[in-house]
**Student:** 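Below: one structure in structure tokens.
Per chain, numbering begins at 1; letters A, B, ... match sequence-line order. Every value quoted in this text rests on a predicted model; they were computed, and no experiment measured them.
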Amino acid sequence: MNEQKRYFSRELLSWYRANRRDLPWRRHSNPYYTWVSEIMLQQTRVETVKPYFERFIALFPTVEALAEAAEEEVLKAWEGLGYYSRARNLQAAAREVKEQYGGSIPDDKAKVSALKGIGPYTTGAIMSIAFNRPEPAVDGNVMRVLSRYFRLHDDIAKAGTRAHMEHLAQELIPEGCASEFNQALMELGALVCTPKSPACLPCPVMEHCAGRIAGEELMLPVKTKAKPPKPELRYAAIVEGAGEHAGKVLVRQRPDTGLLARMWELPHLLAPKTGGLLDLREEEAMGALRHGLQPEGVRLRPLGHWTDAEHTFSHIHWQMRVYRCVIEEAPDAITGGKYAWIGPEEMERLAFPNLFLRLLHAYFAERGQNG
DNA sequence: AACTCGGGGCG
DNA sequence: CGCCCAGAGTT
């Protein structure tokens, strides 16, 4: 190994030992904590994860506790964190670990890798952080650091690039220090070698950073842009209950697979493509709501526009127009359609994505004020 | 290799 | 408002 590499490993490890953050999942050495935190940290920032991790561990302190919980409970604990298949896969894997390995995460790369929701990155993270095995844990952060330090112009959006990075990352791990070193690599990416404005002056490895020396630190890593999300106009109904359902609104549960699987939401539908005049939008929307939900057994009478909401997923942009409605035919007797009347109390049990969480809170707050 | 899957933070 | 993500599963 050359001097540039030895220097990098030595200085980075030393820097980490002096600068490591005190994070909830670092307070105890517990493979289950490492596992849960790494799943939560996929595509998600540390500051966002912290409170979720604390609540999750309080609710499900062990693999067994998670395995024995009801799925709705796990989804509720994940509410607002996004990528909900992570939560379902995590629990499925916890049940696997309980049944197959007596509740202990195996110190075995192939077995860890075979668990649901654990891909190449998380395998490396668990094997190294929890078991100190010299496995690379290459995420976007690590690819950014390595791209800059070694001045690599490979497109990190390409699948093949990660293989190269993994080879390099493994080579850099100091003997017996995989756990600390891999965390150091990610810590540097999070605190110093940041995407937009890297703090090169305080960087512990600046002296031999090829990207910095070439003046290319802002051009690296090379990454092709993702295509923009597809816009979708949607009409949603906020249905006020009457009689025994007074003070409540109608919600429905999404299908078992696909976008926001098994999460709860306001009834809504994709706007028919009509290309109509803007003036006719309200009529068109209310008509679509009135007829569009009938196949599910819900017949509505839209009263008027209530509010608008937008939500961007990675590949879809929802523009949602929400209409106040009253019900003409309840879906009680309809099979398959999962509908429920809920008030603020019932919201505590059901898991909603943030878009609908915000709308429901706004609605109940407004209704509370108006009596 | 391309697509599906949330959400927030930041310049 | 564009751009950044501490990725994995499916096709």
**Student:** Produce a footprint string for nucleotides 1-11 of chain C: one letter per nucleotide, 5' end first; B if the base is under 4.0 Å from any protein heavy atom, S if only the sugar-phosphate is, - if neither.
**Tutor:** ---BBBBSS--
**Student:** Does one side chain, of A:R86 or A:N89, offer a donor that lies under 3.5 Å from an acceptor on the other?
**Tutor:** no
**Student:** From CZ of A:F352 over to P of B:dG7, roughly how many Å is that when rounded to an integer?
**Tutor:** 13 Å
**Student:** Could you tell me how far C:dA8 sits from B:dG9 if I compare only their C1' atoms? Round to whole Å.
**Tutor:** 23 Å
**Student:** Describe the nucleic acid contact of A:K227 in one word from base, sugar-phosphate, nothing, applying a heavy-atom distance below 4.0 Å.
**Tutor:** sugar-phosphate
**Student:** Base, sugar-phosphate or nothing for A:L355? Non-hydrogen atoms, less than 4.0 Å.
**Tutor:** nothing
**Student:** What is the minimum heavy-atom distance between A:M347 and A:I342, and which atoms define it?
**Tutor:** CG-CD1, 3.5 Å
**Student:** Using OP1 and OP2 only, check whether a side-chain N or O of A:H311 sits under 4.0 Å from B:dG7.
**Tutor:** yes
**Student:** Please give, in whole Å, the distance from B:dC5 P to A:W318 CH2?
**Tutor:** 10 Å
**Student:** Assuming nearest nucleotide by heavy-atom distance, tell me which of A:T257 and A:T48 is located more 5' along DNA chain B.
**Tutor:** A:T257
**Student:** Under the ring pair (Phe, Tyr, Trp, His ring centres under 6.0 Å) test, which residues partner A:Y32, sequence neighbours left out?
**Tutor:** none
**Student:** A:L259 CG to B:dC3 C1': how many Å, rounded?
**Tutor:** 13 Å
**Student:** Mind calculating the distance between CD (A:E265) and C1' (B:dG6) to the nearest angstrom?
**Tutor:** 14 Å
**Student:** Which whole-number value in Å describes the distance from A:H317 NE2 to B:dT4 C1'?
**Tutor:** 18 Å
**Student:** Which whole number of Å gives the distance between the P atom of B:dC5 and that of C:dA6?
**Tutor:** 23 Å
**Student:** Atom CZ of A:R262 and atom P of B:dC5: how far apart are they, to the nearest Å?
**Tutor:** 14 Å
**Student:** Rounded off to whole Å, could you give me the CE-to-P distance for the A:M40 and B:dG7 pair?
**Tutor:** 14 Å
**Student:** If you compare every side-chain N and O of A:H315 against the phosphate oxygens of B:dC5 (OP1, OP2), does one of them come in below 4.0 Å?
**Tutor:** yes
**Student:** Could you state the CD1-C1' distance from A:I316 to B:dG6, rounded to the nearest angstrom?
**Tutor:** 11 Å
**Student:** Check step by step if side chain to side chain contact (heavy atoms under 4.5 Å, CB included) holds for A:R234 and A:R321.
**Tutor:** CA-CA 6 Å; A:R234 287 182 169 269; A:R321 298 181 61 76; over 6 Å; no
**Student:** My understanding is that only one of A:H311, A:E232, A:K230, A:E310 makes a side-chain hydrogen bond (donor to acceptor under 3.5 Å, both in side chains) with A:H317; could you say which?
**Tutor:** A:E310
**Student:** Should the ring pair A:F181 and A:F8 be called parallel, tilted or perpendicular, given that the plane angle runs from 0 to 90° and is split at 30 and 60?
**Tutor:** perpendicular
**Student:** Might you point out which heavy atoms bring A:A351 and A:E79 nearest each other, and give the distance in Å?
**Tutor:** CA-OE2, 3.3 Å
